[in-house]
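These notes concern the structure reproduced below.
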Amino acid sequence: MAPADGRPAYPALALFVAGQWLADAGGGRRVVLDPATEGVLGELPLADIAHVLAAAESAGRGFAVWRGHSALQRCTVLRRAAALMRERAAAMAAVLTMEQGKPAAEAQREVMLSADIIDFQAEEARRLYGHSVPPRVEGILSHQVNRHPVGPVAALTAWNFPVNLPARKLGAALAAGCSVVLKPAEETPASAMALVQCLLDAGLPPEVIQLVCGEPAPLSEALIAHPAIAKVSLTGSVAVGRRLAGLCARQGKRFSGELGGHAPVVVCEDADLDFVLALSVPAKFRNAGQVCASPIRFFVPRARHEAFVERFAAAARALRLGPGNDAATQMGPLTHARRLQDMADFIEDARAHGVRVVAGGRRDERPGYFFEPTVLADAPPASRVMRLEPFGPIAVINPYDTLDEAIAAANALPYGLGAYAFTRDLATAHRLGESLQVGMVGINHYGVSQPELPFGGIKASGEGVEMGAEGLLAYTEVRTLTVGRHG
Ligand code: NAD
């Protein structure tokens, strides 16, 4: 039943296998909860192994169909899907907020940006150029170097951007000519369903896309082992990334991983603190900090540290916490109960290490998974929050004495996804850009995630990139064709 306020109803949940929406897929059911109320939204059918294998087989058949479509045909279908997403953005965003918790405006931006990502990859499909190489001997007519789709892809995604993360994978994989078995997070399946429906309504042949959910470990093992699957692409934690990379290595399959991060922010001596704070506070608490490239460790010159901490903390305390469907809400709940416990563990460990809890640090006592926007200061390297990704609304602000020291602290962790810095000096900007060991550096802004730019981590934060022209190449393989004269 639709809620009385006119919002759309949470949909009946189903999986999509071999061209059919299935309300039962043999693996039992799991409830999906509203993180703002802890109420039950719906029941998700889970796939048993037989259905997982059926999905892989169907993707194999779908690949044979889809690779036969021209680049322009693939582009046309994907652009139509992007247009449908824009048309349905309000309804898709409402469902996204129900199951994930983020404020409605953030959800709406997520859907619109996801449409832009699909559009960009659709257009790139038309420019999937190879090249020709001059032959070195007589009698050879051409050497061609061409790009072909890798084959059916298993795509696994996290719950923090339930439309955007699948859209990154689907846009590029489908544009390249691959078929996909999508396994979204079980916490946020309806957002992925809505995205798949846009693709189907746009004319994607049904067997090209599958949507399965289930017990993640056995499901992914069966999927990766299936001979039809050529590549695995994960967005998730470092731990699961290592596990899936290992499975792929043993099976000789391609793996790419967009994994966790622990982004440092180096505030330089010459930075304007008003400007830094105006950008940093919303960036930190966007999506309740559940963002892989979220700014986490702020390094501030010692003389300005206390002022920065106080002002950051005051801005954090002023944020309005609430359900995502309330227009006044600036930060929604965490997406599931495990994150709340994780936040409590980070704070307990911080206190044990003598870290100052300057703002927040507690669960907000009401139904739902609300945790206060939290600001910590003076955290030693041994504290948990300085070593592990909090993936929640926690900022840590430490002082530094020299820029060398700040750079060394920024690079101290195995993570290497995003990093940020604020300076007016061009030479310092370039120095930071070169010395911060991450896949993406943002100087004087936080907008590293754009459809046109490659997005990805180095070190433990991942393998490969998504988005940008490079994101499409990740779903292709290079093949050489050389043709000689006959006789
Ligand atoms: P997760 O690794 O637990 O889950 C990610 C996906 O893997 C989900 O589909 C999940 O069901 C599946 N999964 C979980 N356990 C599995 C297992 N044992 N075997 C196979 N699959 C399994 O991650 P999460 O907690 O859902 O998401 C948060 C993490 O994702 C954070 O570390 C965050 O930084 C990262 N992330 C990275 C990016 C990026 O682009 N780099 C973007 C968003 C999130």
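Remember, it's 1-based here, ligands and their atoms both numbered in the order they're listed.
Among protein heavy atoms, atom 36 (N) of ligand 1 sits closest to C292 CB, 3.5 Å. Protein heavy atom at the shortest distance from atom 27 (O) of ligand 1 is A158 CB, 3.3 Å. Summary of contacts: the protein heavy atom closest to atom 34 (O) of ligand 1 is E389 OE2, 2.5 Å. With respect to atom 17 (C) of ligand 1, the closest heavy atom belonging to the protein is R243 NE, 3.7 Å. Looking from atom 20 (C) of ligand 1 to the surrounding protein, the closest heavy atom is S220 OG, 3.0 Å. Nearest to atom 13 (N) of ligand 1 among the protein's heavy atoms is P216 CB, 3.5 Å. Ranking the protein heavy atoms by distance from atom 28 (C) of ligand 1 puts F391 CE2, 3.4 Å first.
Proximity to E186 (heavy-atom distance under 4.0 Å) selects the following atoms of ligand 1: 11 (O). Of all atoms in ligand 1, numbered sequentially from 1 with element shown, those under 4.0 Å from a heavy atom of L244 are 20 (C). With ligand atoms numbered from 1 in the order given, ligand 1 contributes 43 (C), 44 (C) to contacts under 4.0 Å with heavy atoms of N160. Ligand-side atoms of ligand 1 in range of L165: 42 (C), 43 (C), range being under 4.0 angstrom from any heavy atom. Shown in contact with W159 at under 4.0 Å from a heavy atom are these atoms of ligand 1, numbered in order with element: 24 (P), 25 (O), 26 (O), 27 (O). Within ligand 1, counting atoms from 1 as listed, the ones closer than 4.0 Å to a heavy atom of K183 are 8 (C), 9 (O), 10 (C), 11 (O). Close approach of ligand 1 to L234 (heavy-atom distance below 4.0 Å) involves ligand atoms 6 (C), 7 (O).
When the options P218, G456, S237 are ranked by their closest heavy atom to atom 23 (O) of ligand 1, first place goes to S237. Of the candidates L417, T235, L223, T235 brings a heavy atom nearest to atom 5 (C) of ligand 1. Closest heavy-atom approach to atom 6 (C) of ligand 1 among the candidates L182, V240, T157: T157.
Salt-bridge annotation for E110 and K102: present, with a side-chain N of the basic residue lying under 4.0 Å from a carboxylate O of the acidic one. Using a 4.0 Å cut-off between a side-chain N of Lys or Arg and a carboxylate O of Asp or Glu, E106 and R109 do not qualify as a salt bridge.
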Using residues 278-285 as the side-chain source, report each donor-acceptor pair under 3.5 Å to any protein atom, sequence neighbours left out, with the distance given to one decimal.
from: S280; atom 1: OG; to: V276; atom 2: O; distance (Å): 2.6
from: S280; atom 1: OG; to: Y446; atom 2: OH; distance (Å): 2.7
from: K284; atom 1: NZ; to: S294; atom 2: OG; distance (Å): 3.2
from: K284; atom 1: NZ; to: P295; atom 2: O; distance (Å): 3.0
from: K284; atom 1: NZ; to: I394; atom 2: O; distance (Å): 2.9

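The shortest side-chain heavy-atom distance between V163 and R168 does not fall under the 4.5 Å cut-off.
The shell of residues lying under 4.0 angstrom from ligand 1, judged by heavy atoms, excludes V291.
In F161, neither the side chain nor the backbone holds a heavy atom less than 4.0 Å from any atom of ligand 1. In L219, neither the side chain nor the backbone holds a heavy atom less than 4.0 Å from any atom of ligand 1.
Residues F120 and P451 approach most closely at CD2-O, 3.6 Å, considering heavy atoms.
Of the possible donor and acceptor atoms, none in the side chain of E470 sits under 3.5 Å from a partner among the backbone N and O of M467. A side-chain donor-acceptor contact under 3.5 Å links Y400 to the backbone of V267. Without hydrogens or angle criteria, N411 side chain to S435 main chain gives a donor-acceptor distance under 3.5 Å.
Remark: ligand 1 and G236 share an N or O pair separated by less than 3.5 Å (distance only, no angle test). In terms of polar-atom proximity, defined here as any N/O pair under 3.5 Å, L259 does make such a contact with ligand 1.
The distance from atom NZ of K183 to atom OG1 of T157, rounded to the nearest 0.5 Å, is 7.0 Å.
With 3.5 Å as the limit, one finds no donor-acceptor pair spanning the side chains of E187 and T335. Between the side chains of N287 and Q100, a donor-acceptor pair is found at a separation under 3.5 Å. S191 and E99 share a donor-acceptor pair across their side chains, judged by distance under 3.5 Å alone. Side-chain contact of T37 with R366: a donor-acceptor pair under 3.5 Å is absent, judged by distance alone.
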